[in-house]
2 protein chains.
Amino acid sequence: MDNDFLVAMGYPGLTARLKRLNDAFVHQTREFYKERDLTIEPNWHMVFLLLEKHEQLTVTEIAEALGLSHPAIVKLTTKMKDKGYISSVKDQKDKRKSQLQLSEKAKKEIPELHIYWDAGVEALKEMMNDNQELLKQLKIVEDHLDEMDYKTRILNHLDL
Amino acid sequence: MDNDFLVAMGYPGLTARLKRLNDAFVHQTREFYKERDLTIEPNWHMVFLLLEKHEQLTVTEIAEALGLSHPAIVKLTTKMKDKGYISSVKDQKDKRKSQLQLSEKAKKEIPELHIYWDAGVEALKEMMNDNQELLKQLKIVEDHLDEMDYKTRILNHLDL
DNA sequence: ATAAACTACGTAATTGGTTACGCAAACATA
DNA sequence: TATGTTTGCGTAACCAATTACGTAGTTTAT
């Protein structure tokens with residue numbers, strides 16, 4: 001058996017490697033939180049950061065910012081509410097919306113969480129040899145994907 | 001709202017971007033297959049390639065090569081069997097194992113599938129500006145992760 | 001002012017994966 | 001040769017996400 005088949009495959013192995021790498025990060029982040037008895041989950045991180053920056057946001061706004069479906073955000077934020085990290089206020093101007101914000105508990109605990117998140121960033125940086133090249137290369141692909149989607153690109157290459 | 005919050009976040013946005021990018025590729029590949037009335041799924045690709053290269057493999061071998069759990073492979077290959085792409089033979093030397101291989105149908109259809117997969121590779125290459133820099137950068141992170149896991153690295157940075 | 005279209009978001013059903021468990025076969029060892 | 005341990009893999013329960021759908025509220029057009 002190959003040392004690493006996905007790597008050996010080159011280009012076609014890319015997407016599986018993206019998934020594998022992400023799964024590893026999420027898994028180990030979850031382990032880390034568990035070990036420290038933190039009752040937060042890995043995918044809450046970006047929601048916390050968003051709400052630190054924006055004070056209040058709707059479900060749809062969060063979904064768009066994170067590139068997830070709105071039902072995903074409903075579930076995620078419901079859990080965060082259950083744990084007391086998020087409070088929601090019905091929007092008075094538009095009654096369909098509810099504005100989500102960090103609770104007092106969240107604001108009190110976030111400074112400690114930032115210590116862990118910062119350590120995570122340092123760990124990441126270290127694994128990336130202290131440069132942003134991976135991020136840059138990702139951006140290139142993301143930008144291309146925005147310009148024209150992958151399916152269309154495949155079709156174009158078939159017609160040649 | 002930011003143009004792209006995950007990108008703006010830099011390092012901490014990385015894992016969410018890996019997921020988002022992978023999801024986009026998988027989604028659009030699925031759409032492509034559907035449009036061409038191909039009854040295959042995106043994550044079968046690597047299994048096809050593995051079995052082209054290795055003639056016959058067990059569930060566990062495939063799981064290890066792809067970095068997935070064995071139950072994932074059981075489900076995936078069961079579907080491929082149902083569609084007639086994989087046949088399995090009980091291993092005579094070790095009766096716990098069954099050796100999976102490409103069916104005749106698979107061998108007949110694979111040349112056509114390669115046309116599509118090749119177009120996909122061309123599309124990918126194009127999005128990566130015809131270079132392997134992203135793959136190289138990924139490899140760096142993967143190798144570091146193999147050396148020492150992310151959780152341990154976070155802990156190390158906390159102790160400083 | 002009313003009808004039509006659109007938007008926000010909650011819920012249900014489905015999906016692709018995971019961990020946990022169990023059992024049978026194989027292997028190692030006393 | 002019996003016995004404890006490991007391995008392979010199937011099944012069950014669970015989980016995080018998706019798509020599809022319903023409904024109430026908002027906006028637009030006539």
Side-chain angles (χ1 to χ4, degrees), chain A residues 1 15-31 33-34 40-47 56-82 86 88-100, chain B residues 1 15-31 33-34 39-47 56-83 86 88-100:
Chain A
M1 184 62 53
T15 63
R17 286 166 71 188
L18 295 175
K19 179 171 183 0
R20 183 176 62 176
L21 192 53
N22 177 61
D23 287 350
F25 280 128
V26 170
H27 184 265
Q28 296 178 22
T29 303
R30 178 168 286 125
E31 290 299 302
Y33 288 154
K34 208 175 290 173
I40 62 172
E41 296 180 24
N43 58 359
W44 297 4
H45 186 182
M46 288 298 117
V47 177
Q56 62 172 214
L57 290 171
T58 65
V59 167
T60 305
E61 284 165 345
I62 296 175
E64 276 168 12
L66 302 186
L68 293 176
S69 66
H70 84 264
I73 306 301
V74 170
K75 285 187 198 172
L76 201 157
T77 54
T78 299
K79 274 197 204 169
M80 291 177 79
K81 276 184 209 167
D82 291 348
I86 279 190
S88 66
V89 192
K90 269 257 167 285
D91 188 310
Q92 282 313 305
K93 291 184 186 162
D94 184 339
K95 285 170 193 161
R96 293 167 305 177
K97 299 178 182 175
S98 57
Q99 297 287 348
L100 305 179
Chain B
M1 183 63 53
T15 64
R17 286 166 71 188
L18 295 176
K19 181 172 183 355
R20 182 176 63 176
L21 192 53
N22 177 62
D23 287 350
F25 281 129
V26 169
H27 184 264
Q28 295 178 22
T29 303
R30 177 169 286 124
E31 291 297 302
Y33 289 155
K34 208 176 288 172
T39 59
I40 61 173
E41 297 180 23
N43 58 359
W44 298 4
H45 186 182
M46 288 297 120
V47 177
Q56 61 172 217
L57 290 171
T58 65
V59 167
T60 306
E61 285 166 343
I62 296 174
E64 277 169 12
L66 302 187
L68 294 176
S69 66
H70 84 265
I73 305 301
V74 169
K75 282 188 199 174
L76 199 156
T77 55
T78 300
K79 272 196 205 169
M80 291 177 78
K81 276 183 208 168
D82 291 348
K83 293 287 179 188
I86 278 191
S88 65
V89 192
K90 267 258 168 287
D91 188 310
Q92 281 314 306
K93 292 183 184 160
D94 184 339
K95 284 170 193 160
R96 292 168 306 179
K97 298 179 183 174
S98 57
Q99 297 287 348
L100 305 179

Polar pair under 3.5 Å, donor/acceptor by atom type, side chain A/Arg96, base C/dT7: yes
Touch class at under 4.0 angstrom, heavy-atom based, for A/Lys79 against every strand present: sugar-phosphate
Donor/acceptor link under 3.5 angstrom from A/Lys75 side chain onto base of D/dT18: yes
Gap between atoms CZ and C1', on B/Arg20 and D/dA16 respectively (whole Å): 18 Å
Rounded distance [0.5 Å steps], CG in A/Leu76 versus CG in A/Leu68: 7.5 Å
Touch class at under 4.0 angstrom, heavy-atom based, for B/Gln99 against every strand present: nothing
Sugar-phosphate, base or nothing in reach of A/Leu68, heavy atoms under 4.0 Å: sugar-phosphate
Touch class at under 4.0 angstrom, heavy-atom based, for A/Asn43 against every strand present: sugar-phosphate
Distance test, side-chain N/O of B/His27 to OP1/OP2 of D/dT19, below 4.0 Å: yes
Spacing between B/Glu64 atom CD and D/dT7 atom C1', to the nearest angstrom: 11 Å
Nearest-Å distance for atom pair CE/P, residues B/Met46 and C/dG17: 13 Å
Atom pair distance, as rounded to whole Å: CG in A/Asp91 and P in C/dA8: 11 Å
Listed nucleotide nearest any side-chain atom of B/Ser69, set D/dT19, C/dT18, D/dG10: C/dT18
Rounded interatomic separation in angstrom, taking CD from B/Glu61 and C1' from D/dG8: 11 Å
Touch class at under 4.0 angstrom, heavy-atom based, for A/Thr60 against every strand present: sugar-phosphate
Sugar-phosphate, base or nothing in reach of B/Arg30, heavy atoms under 4.0 Å: sugar-phosphate
Side-chain donor/acceptor contact of B/Lys95 with base of C/dA26 under 3.5 Å: no
Nearest-angstrom distance from the residue atom NE2 of A/His70 to P of D/dT23: 15 Å
NZ (A/Lys95) with more than 12 external heavy atoms under 6.0 Å: no
Nearest-nucleotide 5' precedence on DNA chain D, A/Asp94 against A/Pro71: A/Pro71
5'-most by nearest nucleotide on DNA chain C - A/Lys19 or A/Thr78: A/Thr78
Value rounded to 0.5 Å, distance of NZ in A/Lys75 from OG1 in A/Thr77: 11.5 Å
Atom pair CG (B/Asp23) and NZ (A/Lys19), whose distance is rounded to the nearest 0.5 Å: 8.5 Å
For A/Ser88, the option from A/Gln56, A/Lys81, A/Gln99 that meets side-chain contact (heavy atoms from CB on, under 4.5 Å): A/Lys81
Student check: side-chain heavy atoms of A/Thr58 and A/Asp91 closer than 4.5 Å: no
Integer-rounded Å distance: D/dA17 P and A/Asn22 CG: 10 Å
Length of the line joining B/Gln92:CD and C/dA26:C1', which is rounded to integer Å: 15 Å
